[in-house]
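Below is one structure; the comments refer to it alone.
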Number of protein chains: 2
Amino acid sequence: MLAIRTAVPVPAMAHTHRRGKSKAHVQRALQEAERLCQARNTQLTELRRRVLEIILNSEAPPGAYAILDQLKSDGRAGAPPTVYRALDFLLGEGLVHRIASANVFVACLHPADSHSSQFLICKDCGRISELDSQALSYAINERAEQQDFKVDTQLVEVIGHCSACQKSGSAQPVSH
Amino acid sequence: MLAIRTAVPVPAMAHTHRRGKSKAHVQRALQEAERLCQARNTQLTELRRRVLEIILNSEAPPGAYAILDQLKSDGRAGAPPTVYRALDFLLGEGLVHRIASANVFVACLHPADSHSSQFLICKDCGRISELDSQALSYAINERAEQQDFKVDTQLVEVIGHCSACQKSGSAQPVSH
DNA sequence: ATAGGTATGTTACGTTATAACTACCGAGAC
DNA sequence: GTCTCGGTAGTTATAACGTAACATACCTAT
C-alpha cells in the first residue's frame, strides 16, 4: 500500500520517459548533460554518465538497486554506495529526479531549465511523465508563502493511469 | 540527500501538527475517527486507534518504527507488520497521510473531507503542516487531464523552513 | 615526489517494508 | 453447541532501500 510497484514488459506511451526506444534521444540527453557539466565545471565521470545512461535507457524508471544490477552486468565493480553517490551527483546537477513515492529515479527532460519536479506516475505500467507547469509551481509557492513558509523544493506526484494503459484496459507493467 | 531527517526538542508552530500539547485536540480527533469508521462500518480496533493516537501525540510525524517502539513501550507485542497493517488501514480510511519524502506518517486534519495530501515540511524542526488547497488540487487534476491521465491520488510536498524556524534562526529539530 | 582533493571501491550496517504462516476471535449457518 | 468463515493480530524471516566509515586510486599543482 505504501509504494507504487509494477512488474512485466509493454508497448509505448506519448510524452513519456519511455527510454530504450530511441538511442538518438538518449545520445542527445547525454550530450546535453556533458555540456551542462562542462559549463558548470563539474565532473560527469564515466560512472556518473553510465548511471545517467542506464536511467535514460530504462523503459520505466529504475530503482537504485536495478541500476546497480546493470552496472554489475557491465562487469563493473559495485556496491550500493557506488550508485547512490552517482545519483547524488546527478540529482545535485538536476540531471535526474527522484520519485519519492516509488523510490525510483528518472532523467530530467530539460536539465538546463528551472526545476519543478512534477510527475504523472502510471500505476499500471510504471512509466512516468513530467508535468512541468510553472503556473502550478507558482501557485504552490504562493500558497506556502501565505503561511510564512520558505520554500526550498517542491514535489508533485500524481498517481493514476496513463492514456495508453487506459486504452489497453489492463495493466501492462514494464520491466525496470 | 534522499530523505528529510531531523533530531532534538523544541517550542511551538502555528497551524501545525504539533501534537502532545492539547490532549483535547487529540481526543476530538480520535472521536471523529470512531465516528467515521462507524459510519463506514469499518473497524477502528484498539490497535488501530492506538496507532492513530501515537501519531496524533507526536510532536513531529513519526516513522513506522518509531510508532512500533511506542507500541512496545506500551507493553504490547509487536513487529513491523503490526504497525504497517494498522497504518494501511488508517491510510485507507484517510485518517492518516504518508509523507513519501520522509517516510513518516501524519494524522489527517479533516478526515471526513476530500483528500488532497498537500504538505509543508520543515527541514529544521521536522514538523509538517497541511496545505489543503482545493484550487491547487483542481489545477493539478486539470493539468494531468490535459495529458489524458486519469488521476487516482495526488501528492504535494513542499520542503523548506517553517515560520517558527525562520525566526529562531537555527534548526530546532523535534523528537519523534 | 608528494601533499591534497575528488572519485571510487569495499565492508558493514541501519532503516524501511513485506511475505508467509499461525493463532485467535466473533458472527452466522446448521 | 460447534463449525466454518472472514477478519484481525502475532510471529518469523527476509526483501528492499539507504548510509557510515574507511581504504584506495588517480589527478594535479606546487
Side-chain angles (χ1 to χ4, degrees), chain A residues 1-7 37-38 40-52 54-55 60-72 74-93 95-96 98-106 126 175-176, chain B residues 1-7 37-38 40-52 54-55 60-72 74-93 96 98-106 126 176:
Chain A
M1 182 147 195
L2 298 185
I4 314 303
R5 301 194 189 284
T6 60
C37 290
Q38 267 178 24
R40 293 169 184 170
N41 206 22
T42 57
Q43 309 301 315
L44 185 63
T45 61
E46 205 272 324
L47 172 65
R48 290 164 178 175
R49 191 190 142 96
R50 177 64 185 133
V51 168
L52 179 55
I54 288 168
I55 295 171
Y65 282 70
I67 295 169
L68 181 55
D69 287 345
Q70 291 209 42
L71 286 178
K72 282 180 180 164
D74 284 0
R76 185 191 286 274
T82 308
V83 173
Y84 282 103
R85 284 191 291 228
L87 287 170
D88 280 350
F89 173 84
L90 296 169
L91 288 165
E93 295 297 322
L95 295 169
V96 313
R98 171 180 157 80
I99 309 298
S101 62
N103 295 325
V104 297
F105 302 86
V106 294
S175 58
H176 304 274
Chain B
M1 183 150 197
L2 298 185
I4 314 301
R5 302 194 190 285
T6 60
C37 289
Q38 267 177 26
R40 294 169 184 169
N41 206 22
T42 57
Q43 309 301 315
L44 185 63
T45 62
E46 205 271 324
L47 173 64
R48 290 164 177 176
R49 192 190 141 95
R50 177 64 185 133
V51 168
L52 178 56
I54 288 168
I55 295 171
Y65 282 71
I67 295 170
L68 180 55
D69 287 345
Q70 291 208 43
L71 286 178
K72 282 181 180 163
D74 284 358
R76 185 189 285 273
T82 308
V83 174
Y84 282 104
R85 282 190 293 231
L87 287 170
D88 280 350
F89 173 84
L90 297 169
L91 288 165
E93 295 297 323
V96 314
R98 171 181 158 78
I99 309 298
S101 62
N103 296 324
V104 298
F105 301 87
V106 294
H176 306 275

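For clarity, every value in this text was computed on a predicted model and none was experimentally measured. Excluded from the calculations below are hydrogen atoms, water molecules and symmetry mates; all remaining heavy atoms, backbone and side chain alike, are included.
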To the nearest angstrom, the OH-P distance between B/Y84 and D/dT11 comes to 19 Å
Measuring from atom CG of B/L68 to atom OH of B/Y84, what distance do you get when rounded to the nearest 0.5 angstrom?
9.0 Å
Specify the separation, in whole Å, of atom CG of A/D69 and atom P of D/dA15.
14 Å
Rounded distance (Å) that lies between atom C1' of C/dT8 and atom NZ of A/K72
15 Å
A/E93 CD to A/L91 CG distance, which is reported to the nearest 0.5 Å
10.5 Å
Could you tell me whether the side chain of B/Y65 has a donor or acceptor atom within less than 3.5 Å of a complementary atom in the base of C/dG14?
no
Within the 4.0 Å heavy-atom criterion, would you say A/A79 contacts the bases, only the backbone, or no part of the nucleic acid?
base
Does the side chain of A/T82 get closer than 4.0 angstrom to OP1 or OP2 of C/dT10 through an N or O atom?
no
Please find the pair of heavy atoms, one from B/Y65 and one from B/P80, that lie closest to each other, and give the distance.
OH-CG, 3.3 Å
Whole angstrom value for the distance that separates P of D/dG7 from CZ of B/F89
13 Å
CG-CG distance between B/L44 and B/L52, expressed to the nearest 0.5 angstrom
7.0 Å
Heavy atoms from C-beta onward define the side chain here; which of D/dG18, C/dA7, C/dA17 lies closest to that of B/P80?
C/dA17
Judged by nearest nucleotide, the residue sitting upstream toward the 5' end of DNA chain C, A/Q43 or A/P81, is A/Q43
Base D/dG10 to side chain B/R76, donor-acceptor N/O within 3.5 Å cut-off
no
Think B/R85 has a side-chain N or O under 4.0 angstrom from the OP1 or OP2 of D/dT11?
no
Can you find a side chain N or O atom of A/N103 that sits less than 4.0 Å from OP1 or OP2 on D/dG18?
yes
